[in-house]
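Atoms within each ligand, like the ligands themselves, are counted from 1 in listed order.
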Amino acid sequence: MRLSLTSFSLFLPFLCGAASLPAMHKEENVVVGKYIVEMHTSSGASTKRDGSVHKRLSNFLEERGVDHSLHKEYTSEVFTGASISVSSADNIKHLEGLEDVKAIHKVRRYARPLVTRGPSASGKSEGAFGSSVVHAMTGVDKLHEEGITGKGVTIAILDTGVDYSHPALGGGIGKGYKVVGGYDFVGDAYTGDGISNPVPDSDPIDQCSLSGHGTHVAGIIGADPKENPYNISGVAYDASILAYRVFGCDGGVEDDVLVEAMTRAYEDGADIINMSLGSGGGWSEAPTSVVAANIVAKGRIVAVAAGNEGDSDGTWYVDDPSTGTGAVSVASIQSAGYDLPHVSVVGAKYPSIPYFSWDTIPVKGTLDVYAVSIEPNGTTDACDPLPTDTPDLSNYIVILRAANCSFTTQLQNIQEFGAQYAFLGSGSAEPSIQSFKDYNGTYIRGDDAEFLVQEFAAGTDIKLALPGTVSGYKALDGGVVSSFSSVGPSYELAFKPVVAAPGGNILSTLPKGEYGILSGTSMATPYFAGSSALYLSKSGKDVKSVAKDIAFVFERTANPVEVTTGADGLVPTTVVAGAGLINVYNALYATTAISPSELLMNDTTHLKDKFTITITNNGAKDQTYKLSHTPAGTAHTVDSKFKQPLRAPLNHTTDYATVDFSTKSVKVAAGKSAKFTVTITPPEIDPVTLPVYSGFIEVTGEDNVTLHSTYMGLAASLYDDAMTLDMTDILVKADMLNYTLPTIINASSAPQLRMETYTFDVERDDYPSIEYRLAFGSPHVDIMLAGPDSNDKSVDVLGLLASWDYVNRNDGLTDGNNTMMADWMTPAYANGTTVVDGIYKVLLRVLKMNGDRTKDGDYDVWLSPTFGVQANSKSSKSTKAPSTFKWDWNWEGFF
Ligand SMILES: *[C@@H]1O[C@H](CO)[C@@H](O)[C@H](O)[C@H]1NC(C)=O
Ligand SMILES: *[C@@H]1O[C@H](CO)[C@@H](O)[C@H](O)[C@H]1NC(C)=O
Ligand SMILES: *[C@@H]1O[C@H](CO)[C@@H](O)[C@H](O)[C@H]1NC(C)=O
Ligand SMILES: *[C@@H]1O[C@H](CO)[C@@H](O)[C@H](O)[C@H]1NC(C)=O
Ligand SMILES: *[C@@H]1O[C@H](CO)[C@@H](O)[C@H](O)[C@H]1NC(C)=O
Ligand SMILES: *[C@@H]1O[C@H](CO)[C@@H](O)[C@H](O)[C@H]1NC(C)=O
Ligand SMILES: *[C@@H]1O[C@H](CO)[C@@H](O)[C@H](O)[C@H]1NC(C)=O
Ligand SMILES: *[C@@H]1O[C@H](CO)[C@@H](O)[C@H](O)[C@H]1NC(C)=O
Ligand SMILES: *[C@@H]1O[C@H](CO)[C@@H](O)[C@H](O)[C@H]1NC(C)=O
């Protein structure tokens, strides 16, 4: 048995028994019948007071006799509108004509950030762990030494709440405390599944048994270094926190709640909004992404997790709302390491041995070592009861090597002889960390255990000096991009993720006075939020002017991320690491600025390859800057055979872009600016794998500080080369389906192979479902009814059955149901007009990337086999609403 404290924050699959509507719908995480209506803010202030747009909205619906219920009204300058439910999806169409209406978004569910925690600790420590190793990665250590701690800045945390009663988080809420306020938008019982309604209250405490995520996030920002036994210091531990609870004790959240919480955080004056949550999307048009963009445009900072789906769902899969324009989408880097206690070996020349416990062994002095067996590389140490002549082990430190039996069996057998202290050699290259006091034992590295056993066997008089001294240990994967970190870019080829911050193996606070290690972009996001607070607190907190530029400041001063183990020596592609690992010290103190910091080259059809870069010398001396180019590895994002997105880790190739500079160096007088130009030539490579090339245009001053502008482009045309509608037999090849897609699924849940007639008897599932798969996002999908004589050359379109905008792709073959299923449950067109009985086909149209909606040729299409509709002539037509809506979409992971 391996006990592991280190845990990834896993994402709860969302189960749903949604209420249904008699219409055709199928979309990822969409709540049937519920909409966010985004309205124009006509005349600012008056709108806010008399809510007149909302009145017009209700009047409009009432005049047309539309049965609806109003859930939320949004009256903020960053979002005006409402969330409503309508009894029939067709009714929402009426609203499209209302002039106040800017956009209508379907309400989507976001799954909760699930915290998987190993044994957590509440006891005393002598400084093991701490955050000093992590802060040394980013320069936060130096800022803390200067007393820059985020004072005067307010950060809103939208999460599972915060356990503000934790001593390290101030022990209370309200004026004078660290957590200055907040709100619970949902209540304990809320699960976001449409069954439980939000029951808000004023207390955002996070103490449910499954929670803790928000408390961990809060500790990363704000843990008080003087009030915890682990020497954890929050990145901005003097900043104020506003805690907004958007998850109940279990389950997810609907995005109309998120919109409400985001606008509230804005109205309450948060300088920075932290959202360690999200939902696979990839488009900037999601309502939460729109609100994030509006908040950024007003001069606030919005930090959002990129997502934890890199190794499961692969490329082109950053989460909403991190896709919002201007929102900082944060990728995760593994912590460089941690502080661990190291014991010195007395009586032999050997380096001090780290032990992987986050508390120290409660002994002051030396202990003799004892080995239960001495054959080299033994694998049965203490798997069986020890011989009866074994001495009393209470004053030894017993060395056990990785064995064929469980760790606990080994410990039980030595405890029979009074053992109190054990070192267990780990079978893995990097032992997992736990608390010594939970087992009276702790892992050490396997080779250290073997050394101690062999010294014991040789009869050397060796002792270990306990408890040892705490010092830095470099993790094997320290500094590299976390394998789970979601991979971009966005479908529109925007720069997502934007930057990376430490998020793997982070020790922070947990509810009820505890502490634990979690990993996720959920942890990297508050690291970035806290870093922004340090920046704001020092730069005079002119938030409005600073916030819009914050991403650029951190991008240009970021450091290239360490090369992943076993790779090709190239800096990781920007689609996993953005502009690199943030360096907060340089962000604050660099006396040079360059802009722009993002050079977005788009695809080959929309190529932008010439850029003018401005260097501004804010220092006191004239400087000559050297210009250079560091390419990142080119990432092949889809496989060449099936054109399916690839999962992280991505293979890099050295086919990178070449860069021509207008000059080799640029002299800039103190206080002045100068420009140079670059022409970036994309690599000429086969576009079939949708290769993304990227890299850095570097400017190095005489002080040896290097800043960079990051470029990124696609060496392919999205229109020509991205396969949206999947017509391959990949799912058959992967043994997930025994039929090819697209297809019609009949009442027996089987593909329709020959002519069938549907009665639309929903209780018997007797309606056609169109099953298809998107291998890439599409800006628009239509399902239309067509005449029976339609063929590939000429389609007789009769009318629209359903349509969707900005659709995310299906996931990357992680399980057997990554398909879209559009259930046509009422024999009616989208506008509500009945479809008369007869023989038909359906036409599925998927708009290609960058296609023109009005051009038939810009769609990938599929025409179904013929089928019959025989629903309306039935005399005993059921008037009951169908009992269930079929939701067999694969619910994506979130955090
Ligand atoms: C605690 O952390 C600070 C920096 O955050 C570091 O300077 C100090 O050495 C640490 N203390 C121990 C006991 O590790
Ligand atoms: C024990 O295992 C290590 C690692 O596999 C190996 O290098 C070493 O030679 C082995 N020692 C003996 C005595 O077999
Ligand atoms: C550790 O050892 C002490 C002393 O023998 C014993 O009282 C305690 O129960 C042990 N703890 C565990 C977790 O085994
Ligand atoms: C790339 O070009 C397309 C088509 O003009 C546009 O929609 C998209 O926003 C562009 N992306 C970027 C990052 O400029
Ligand atoms: C990535 O590279 C490894 C090692 O060269 C190779 O085994 C693997 O098939 C490659 N993966 C893809 C998707 O090309
Ligand atoms: C910058 O680096 C160069 C070469 O590594 C070195 O000679 C020079 O002293 C450095 N300058 C400063 C200010 O650190
Ligand atoms: C396809 O699979 C289903 C169940 O997964 C099975 O019932 C059916 O017989 C299979 N069809 C064929 C043609 O193998
Ligand atoms: C609804 O759509 C169908 C098919 O396009 C069309 O024939 C019908 O006239 C429309 N009904 C209304 C009320 O617009
Ligand atoms: C979808 O996949 C998940 C995970 O593999 C599985 O639990 C679920 O039952 C599947 N749903 C359907 C409808 O096949």
| In terms of the angle between their ring planes, are Phe696 and His708 parallel, tilted or perpendicular, with boundaries placed at 30° and 60°? | tilted

| said: Less than 4.0 Å from atom 9 (O) of ligand 8, is there any heavy atom belonging to the protein? | reply: no

| task | For the pair Phe867 and Tyr840, name the ring-plane relationship: parallel under 30°, tilted 30 to 60°, perpendicular over 60°. | result | tilted

| field | Near-ring test Phe407/Tyr443, centroid separation under 6.0 angstrom | value | yes

| task | Show which atoms of ligand 8 fall inside a sub-4.0 Å distance from at least one heavy-atom site of Gly799. | result | 4 (C), 5 (O)

| request: Report the C-alpha distance between Tyr473 and Phe356 in whole Å, list the side-chain angles of each, state the deciding distance to 0.1 Å, and finish with yes or no for ring pair (Phe, Tyr, Trp, His ring centres under 6.0 Å). | output: CA-CA 10 Å; Tyr473 167 82; Phe356 290 75; 5.0 Å; yes

| field | Asp796 vs Lys841, salt bridge (charged side-chain N to carboxylate O under 4.0 Å, His left out): CA-CA, chis, key distance, verdict | value | CA-CA 9 Å; Asp796 171 24; Lys841 291 186 176 184; over 6 Å; no

| What's the shortest distance from atom 11 (N) of ligand 6 to any protein heavy atom, and which residue and atom give it? | Asn704 ND2, 3.0 Å

| field | ligand 6 atoms in contact with Glu702 (distance to a heavy atom under 4.0 Å) | value | 13 (C)

| field | NZ (Lys672) with more than 12 external heavy atoms under 6.0 Å | value | no

| Shortest protein heavy-atom distance from atom 2 (O) of ligand 8, along with the residue and atom involved | Asn831 ND2, 2.4 Å

| When the ring planes of Phe676 and Phe661 are compared, do they come out parallel, tilted or perpendicular, using 30° and 60° as the limits? | tilted

| message | Quick check: Thr833 and ligand 8, any N/O pair under 3.5 Å apart? | response | yes

| request: Identify, for atom 13 (C) of ligand 2, the protein heavy atom at the shortest distance, and state residue, atom and that distance. | output: Pro376 CB, 3.4 Å

| Nearest neighbour in protein (non-hydrogen) for atom 3 (C) of ligand 2 | Asn377 ND2, 3.6 Å

| remark: If you scan protein heavy atoms around atom 4 (C) of ligand 8, the nearest is Leu798 O, 3.3 Å

